[in-house]
Amino acid sequence: HRRQGTSFNRGLHKLGFLSPKPTSLMAAKVSVSPTSLIDQIVVPGNVVLDLSNMTNQTIKLGSGLHQDNDAISAMRAGKLSFCKPNKYWVESSHKRYIPRPEDHVLGIVVDSKTDNIWVDIKGPQLGLLPVLAFEGGTRRNIPKFEASTLLYLRVVKTTNTGMNPELSCTDASGKAALFGPLRDGFMFETSTGLSRMLLSSPTCPVIKALGKKLSFMIAVGLNGRVWVNSAAPRTVIIVANAMMNSESLSGTQQRIMVEKLLAKISD
């Protein structure tokens with residue numbers, strides 16, 4: 001999502017509940033502190049939370065977690081993540097992106113036809129952007145984009161495997177909001193895990209630390225693409241490098257990394 005300064009709280013990827021599933025692996029009682037494994041690497045079968053130690057608390061389980069009675073276990077390898085007030089999920093990094101409705105993505109124009117614009121969103125198939133999928137779009141003001149133009153887009157719908165996902169440059173109400181072409185700046189590709197971390201709420205520590213000292217804009221796509229822009233080219237390089245180096249770091253390590261980076265360039 002596009003962000004400026006330190007106002008970065010839009011667009012948290014929603015986390016749903018996972019339905020309890022029976023398993024025969026939980027024969028023994030477990031006791032896991034709610035905070036002991038946060039930001040730590042877990043593997044399938046690891047018990048990450050013990051609900052018997054969390055009385056009078058309501059929690060939300062996101063992707064990668066599985067409930068069996070009072071035991072919450074990891075179903076895939078990754079970092080156990082937590083978002084206040086009560087959301088837990090396992091953050092995994094993937095290079096391949098699977099489009100989902102309402103995802104915000106960064107796409108690269110591949111080709112333009114009479115009715116549609118074909119866009120690369122790093123998915124299994126190209127995305128399909130109707131020429132009227134813009135605020136106030138009519139046949140009289142069809143936008144024209146050259147190949148390689150970078151666009152900030154919303155995934156409208158996906159269908160069966162092998163079909164092209166439909167895209168839009170408007171929000172659900174038909175307004176342009178922050179969607180559209182991204183001019184100038186620098187775009188880099190990363191894992192989907194890092195994209196989700198950068199979009200987390202509260203604001204990701206690396207972005208918050210950078211925003212205290214530098215002026216810049218970013219747009220983060222859930223498809224593993226990030227765009228950075230600033231009036232100072234040096235700032236673009238610093239911000240991009242800091243974000244790329246932050247994926248495997250804890251919040252504290254991210255802040256320390258940014259402090260050291262800014263100290264070096266101020267010498």
*Please round to the nearest 0.5 Å and tell me the distance separating atom CD of Q254 and atom NZ of K208.*
12.5 Å

*What pairs of residues pass the salt bridge (Lys or Arg N to Asp or Glu O under 4.0 Å) test when at least one of them lies in residues 152-169, not counting sequence neighbours?*
E102-R154, K157-E166

*asked:* Can you tell me how the ring of Y88 sits relative to the ring of F82, calling it parallel under 30°, perpendicular over 60° and tilted otherwise?
replied: tilted

*Mind checking the CG-CD1 spacing from L51 to I72? Nearest 0.5 Å is all I need.*
4.5 Å

*List in chain and number order the residues that pass side-chain contact (heavy atoms from CB on, under 4.5 Å) with A176, two or more places apart in sequence or in another chain; answer none if no residue qualifies.*
E135

*For N229, check side-chain hydrogen bond (donor to acceptor under 3.5 Å, both in side chains) against everything at least two apart and list the hits.*
none

*Would you check if the side chain of D120 reaches a backbone N or O of K122 as a donor-acceptor pair within less than 3.5 Å?*
yes

*Does N141 use its side chain to pair, donor to acceptor, with the backbone of G136 at less than 3.5 Å?*
yes

*asked:* Working to the nearest 0.5 angstrom, can you tell me the gap between L210 CG and I238 CD1?
replied: 8.5 Å

*Linking I/L/V/M/F/W/Y whenever any side-chain heavy atoms sit under 4.5 Å apart, do F188 and M197 land together?*
yes

*Compare all side-chain heavy atoms of S73 with those of D68 and state whether any distance is below 4.5 angstrom.*
no

*Using the ring pair (Phe, Tyr, Trp, His ring centres under 6.0 Å) rule, collect all pairs that involve residues 119-142, keeping only residues at least two apart or in two chains.*
F134-F145

*asked:* Going by the rule side-chain hydrogen bond (donor to acceptor under 3.5 Å, both in side chains), which residues pair with D184 if we only count those two or more places apart in sequence or in a different chain?
replied: none

*S201 side-chain N/O to T203 backbone N/O, donor-acceptor pair under 3.5 Å*: no

*Quick one: name the residues clustered hydrophobically with I237, using the 4.5 Å side-chain heavy-atom rule over I, L, V, M, F, W, Y, and just say none if it's on its own.*
none

*With S250, which residues qualify under side-chain hydrogen bond (donor to acceptor under 3.5 Å, both in side chains), at least two apart?*
Q253

*Examine V119 and I142 and state if one hydrophobic cluster contains both, with Ile, Leu, Val, Met, Phe, Trp and Tyr joined whenever side-chain heavy atoms are less than 4.5 Å apart.*
yes

*Donor-acceptor pair, side chain of D103 and main chain of P99, under 3.5 angstrom*: no

_Salt bridge flag under 4.0 Å for residues K113 and D111_ = yes

_Counting only heavy atoms not in M244 (residues, nucleotides, ligands), do more than 12 fall under 6.0 Å from its CE?_
yes

*asked:* Would you say I41 ends up clustered with L49 if hydrophobic residues are merged whenever their side chains have heavy atoms under 4.5 Å apart, either directly or through other cluster members?
replied: no

*Taking side chain as C-beta onward, heavy atoms only, is W89 less than 4.5 Å from K60?*
no

*Taking the side chain from R76 and the backbone from A74, do they hold a donor-acceptor pair closer than 3.5 Å?*
no

*asked:* Side chains of L262 and L214, heavy atoms from C-beta outward: is any pair under 4.5 Å?
replied: yes

*D171: partners by side-chain hydrogen bond (donor to acceptor under 3.5 Å, both in side chains), with sequence neighbours left out*: S173

*Nearest-0.5 Å distance, CE of residue M217 to CG of residue L178*: 8.0 Å

_Is it the case that the side chain of N69 and the backbone of A71 share a donor-acceptor pair, with hydrogens and angles ignored and the cut-off at 3.5 Å?_
no

_Close side-chain approach of L151 and V109, heavy atoms under 4.5 Å_ = yes

_Joint cluster assignment, L132 & I117, ILVMFWY side-chain distance < 4.5 Å_ = yes

_Side chain S230, main chain P233, donor-acceptor under 3.5 Å_ = no

*With rounding to the nearest 0.5 Å, note down the distance linking CG in N223 to CG in L153.*
9.0 Å

_Inter- and intrachain pairs under salt bridge (Lys or Arg N to Asp or Glu O under 4.0 Å), touching residues 232-242, at least two apart_ = none

_Min side-chain heavy-atom separation S81-I38 under 4.5 Å_ = no

*Taking C-beta and beyond as the side chain, do L249 and M257 meet within less than 4.5 Å on heavy atoms?*
yes

*To which residues is V156 joined in a hydrophobic cluster, defined by side-chain heavy-atom contacts under 4.5 Å among Ile, Leu, Val, Met, Phe, Trp and Tyr, whether direct or through other members?*
none

*Pairwise side-chain contact, T190 with V226, heavy-atom cut-off 4.5 Å (strictly under)*: yes

_If hydrophobic residues (ILVMFWY) are linked whenever their side-chain heavy atoms come closer than 4.5 Å, directly or via other members, who joins L128 in its cluster?_
V110, W118, L126

*With a 4.5 Å heavy-atom cut-off, do V236 and F216 have their side chains touching?*
no

*Would you say the side-chain atoms of T192 pair up with the backbone N or O of G224, donor to acceptor, closer than 3.5 Å?*
no

*Reported CG-to-CG distance for the pair L80 and L65, which is rounded to 0.5 angstrom*: 6.5 Å

_Any residue meeting side-chain contact (heavy atoms from CB on, under 4.5 Å) with M187, in chain and number order, not counting sequence neighbours_ = L106, I108, L150, E189, R225

*Would you name the heavy atoms of P181 and T149 that are closest together and state the gap between them?*
CB-CG2, 4.4 Å

